[in-house]
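Here's the structure we're looking at; comments come further down.
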Amino acid sequence: MIVHTTTPSRLGETRLPDGRLLGWAEWGPQEGTPVLLCPGAATSRSLGFGPDAVATLGVRLVSVDRPGLGASTPAPGRTFADFAADVRELCARRGFDRPAVVGNSQGAPFALACAEAGLASALALVSAADEVAAPEFAAVLPAELRALTERAVHDPSGAEEFFAGFDAESMWDMVMDGSPDCDLAVYRDPGFSAAYRRALDEGFARGAAAGYARDTVLAMGQWPFALGSLALPVDIWYGEHDTAHSPDNGALLASRIPGARRRVVPGIGGALLWTHAEEILTSLTHGAAR
């Protein structure tokens, strides 16, 4: 059986200058090549990926709870730039300089924020939540998603209040109901489903209003990034059966980032991070070494 994830090797919280705590989890050797993970929607630091690949490649995988999720103190009204500032402080205090960064699903725009702030040596966007508010997508979004996107752009407070009504169970149901069979084979694995559901429980432990709702409004709104100014190796990964994260499997996103390499992997959907960890990490660490 493929081991998709394991419990963290190390857990901790770092105190930031304003007194807030930022929760983190680590896998792999402490002296390994640092790779920072921005996890997907509402999942906590405890859901990593690729334990065998981490060990083989000598990677120190560091997963970070965004504010209001898991062990991290809420920060109402926070921005992408605020998150990048938190990560800058974490890197300084944890002793790793310019890690390679992975952004999975809703974590992708937060990984982009780190890259734009100059904190990343290389970037992998995996099953990335795309900028659905981009005008190029207006005509192709399903009606329900288009309405939510317009609300996130024009009424962010109202959208945040709406997303505050979600919980761990409704998020799990949404993922399971919207996933193709190839992903369900991963998600229904007993070990993986237990880890995923635990990460959701931790992500919603303070309620959706503390973290998930703000994350979602930021991710679904208009992104403030100058994507054309990014100057680092960028890999963009999608599974061919992923219909949830991007209207065009990242084609537009890749065209907006100079030199970005887009890879569409057959036979899988949004569970790509856990089925193709070695390929993702190998390419990422090679890019960071350049």
Side-chain angles (χ1 to χ4, degrees), residues 2-6 25-29 31-40 47-64 87 91 96-130 182-183 186 225 227-242 245-246 248-290:
I2 297 173
V3 178
H4 301 288
T5 187
T6 59
E26 291 190 355
W27 295 257
E31 68 279 7
T33 302
V35 173
L36 183 84
L37 171 63
C38 296
L47 186 63
F49 72 100
D52 292 340
V54 165
T56 299
L57 297 172
V59 164
R60 176 188 180 185
L61 180 66
V62 185
S63 180
V64 181
V87 170
C91 290
F96 45 87
D97 180 51
R98 295 189 73 235
V101 177
V102 177
N104 177 234
S105 185
Q106 196 172 85
F110 295 92
L112 280 167
C114 293
E116 188 180 54
L119 302 177
S121 57
L123 179 64
L125 304 177
V126 184
S127 307
D130 209 338
C182 53
D183 288 344
V186 176
F225 314 126
L227 297 180
S229 299
L230 293 179
L232 76 168
V234 178
D235 290 333
I236 296 177
W237 297 80
Y238 284 91
E240 68 169 337
H241 299 299
D242 184 354
H245 291 107
S246 171
D248 62 0
N249 272 3
L252 175 63
L253 180 59
S255 74
R256 297 168 67 191
I257 301 174
R261 297 181 298 177
R262 173 176 170 257
R263 307 181 186 192
V264 178
V265 180
I268 193 62
L272 179 65
L273 182 69
W274 296 283
T275 61
H276 289 71
E278 185 167 0
E279 295 96 317
I280 291 165
L281 285 172
T282 298
S283 182
L284 179 66
T285 53
H286 285 173
R290 296 201 303 271

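All heavy atoms count here, side chains included; hydrogens, waters and symmetry mates do not.
- Considering CG of L61 and OG1 of T33, their distance stands at 11.5 Å, rounded to 0.5 Å.
- Among residues at least two apart or in separate chains, there is no side chain to side chain donor-acceptor pair (under 3.5 Å) pair with a member in residues 116-129.
- S246 pairs by the side chain to side chain donor-acceptor pair (under 3.5 Å) definition with D130, D248, not counting sequence neighbours.
- Applying the side-chain contact (heavy atoms from CB on, under 4.5 Å) rule to A231 yields no partners; only residues at least two apart in sequence or on another chain are considered.
- D183 is listed as a side-chain neighbour of I268, based on a closest heavy-atom distance under 4.5 Å.
- Residues meeting the side chain to side chain donor-acceptor pair (under 3.5 Å) test with N249, sequence neighbours left out: none.
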Derivation and outcome, side-chain contact (heavy atoms from CB on, under 4.5 Å), residues S63 and F49: CA-CA 10 Å; S63 180; F49 72 100; over 6 Å; no
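- Side-chain contact between V35 and V54 is absent, with no heavy atoms from C-beta onward closer than 4.5 Å.
- A donor-acceptor pair under 3.5 Å is formed between the side chain of R98 and the backbone N or O of A120.
- At distances below 3.5 Å, at least one donor-acceptor pair connects side-chain atoms of W27 with backbone N or O atoms of T6.
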Derivation of the side-chain contact (heavy atoms from CB on, under 4.5 Å) call for D242 and W237: CA-CA 11 Å; D242 184 354; W237 297 80; over 6 Å; no
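- Considering CG of L37 and CG of L273, their distance stands at 6.5 Å, rounded to 0.5 Å.
- Shown here for A260 and I236, the closest heavy-atom pair between the two residues is CB-CD1, 4.1 Å.
- Of all non-hydrogen atoms in A128 and Y238, the two that sit nearest each other are O-OH, 2.8 Å.
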Test side-chain contact (heavy atoms from CB on, under 4.5 Å) applied to L36 and V102, step by step: CA-CA 6 Å; L36 183 84; V102 177; over 6 Å; no
Enumerate, atom names and distances included, each donor-acceptor pair closer than 3.5 Å involving a side-chain atom of residues 104-113, sequence neighbours excluded.
{"residue": "N104", "atom": "ND2", "partner": "V126", "partner atom": "O", "Å": "3.0"}
{"residue": "S105", "atom": "OG", "partner": "H245", "partner atom": "NE2", "Å": "3.0"}
{"residue": "Q106", "atom": "NE2", "partner": "T216", "partner atom": "OG1", "Å": "3.2"}

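- Of all the heavy atoms in A100 and L284, the pair that sits closest is CB-CG, 3.6 Å.
- Under the 4.5 Å side-chain criterion, counting only non-hydrogen atoms from C-beta, W274 is in contact with L47.
- Taking all atoms of both residues into account, the shortest heavy-atom contact from A115 to L123 is CB-CD2, 4.0 Å.
- For residues 250-270, the pairs satisfying side chain to side chain donor-acceptor pair (under 3.5 Å) are E131-R256, D235-R261, R261-S283, R263-S283, with sequence neighbours left out.
- Interatomic distance, CG of D97 versus CG of L119, reported as 9.5 Å (0.5 Å rounding).
- Considering all non-hydrogen atoms of both residues, A122 and A288 come closest at CB-N, 3.6 Å.
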L232 vs L230, side-chain contact (heavy atoms from CB on, under 4.5 Å): CA-CA, chis, key distance, verdict: CA-CA 6 Å; L232 76 168; L230 293 179; 4.0 Å; yes
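- Among all heavy-atom pairs drawn from G48 and T5, the shortest one is O-OG1, 3.2 Å.
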